[in-house]
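Have a look at the structure below before the remarks.
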Amino acid sequence: MNRERRYWLFKSEPSCFSFDDLGSRPNGTEHWDGVRNFQARNLLRDEIKPGDGVLFYHSNVPDPAVVGIARVVREGYPDWTALDPAGEHFDPRAGRNNPIWYMVDVRYVKPLARPVTLAELKMHPEVADMVLLQRSRLSVQPVTPAQWEFILRLGGIHEPFNL
DNA sequence: GCCAACGTTGGC
DNA sequence: GCCAACGTTGGC
């Protein structure tokens, strides 16, 4: 039995990992590691499934914006970067039998025809209750189908496409 | 670089 | 289990 496709917004600082970086990975695919917030972890571990849509958002830049569309291609699995003492995402509490942190794999789909900035989103009542506007610090967050459609339209994506 | 929001830690 | 201190995020 097939679950309805769900939608998400993933934030990334482009100086660290940009949407173009995702596009240049083999198969346009990369694991989304380094999330160290329990609310986001729960989504990655339990809720986010292959086939789901992802809005790729650039944070910590002069014009923070949704810049592209990606798709989930692998469901949650342990984030091994927490186990690497030399890595910046190391967490001494994590172990092989106690992963604590999870990640999914995402694949590049396509950029928006034009980025949809945070400033622009704030002007539209249709997306006023987005998590992005209410609890902006959450780095992995749910998006409703209506919000997804609205943002894609703002971003100049009108034709249907396959995720 | 500042600072508000807010999640996490740790003393009690 | 409360709550103050502290650290991080991220918009501006």
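Chain letters run A, B, ... following the sequence lines, proteins first and then strands; every chain starts at 1.
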Quiz item: Is it true that a side-chain atom of A/Asp33 and a backbone atom of A/Asp79 form a donor plus acceptor pair closer than 3.5 Å?
Solution: no
Practice problem: Output yes when a side-chain donor or acceptor of A/Thr29 lies under 3.5 Å from a complementary backbone atom of A/Asn27, and no otherwise. | Solution: yes
Quiz prompt | Touch class at under 4.0 angstrom, heavy-atom based, for A/Arg41 against every strand present | solution = nothing
Quiz item: Should A/Leu154 and A/His124 count as side-chain neighbours, where that means a heavy-atom distance under 4.5 Å?
Solution: yes
Quiz prompt | The single option from A/Arg45, A/Arg3, A/Lys49 passing salt bridge (Lys or Arg N to Asp or Glu O under 4.0 Å) against A/Glu75 | solution = A/Lys49
Quiz item: What pairs with A/Phe19 under ring pair (Phe, Tyr, Trp, His ring centres under 6.0 Å), at least two apart in sequence or on another chain?
Solution: A/Phe56, A/Tyr108
Quiz item: If you find the nucleotide of DNA chain B closest to A/Arg93 and the one closest to A/Arg137, which residue's nucleotide is nearer the 5' end?
Solution: A/Arg137
Self-check item: Of A/Arg36 and A/Asn60, the one whose closest DNA chain B nucleotide lies more 5'
Solution: A/Asn60
Self-check item: Interface limits on DNA chain B, where chain A has a heavy atom under 4.0 Å of a nucleotide atom
Solution: B/dA5 to B/dT9
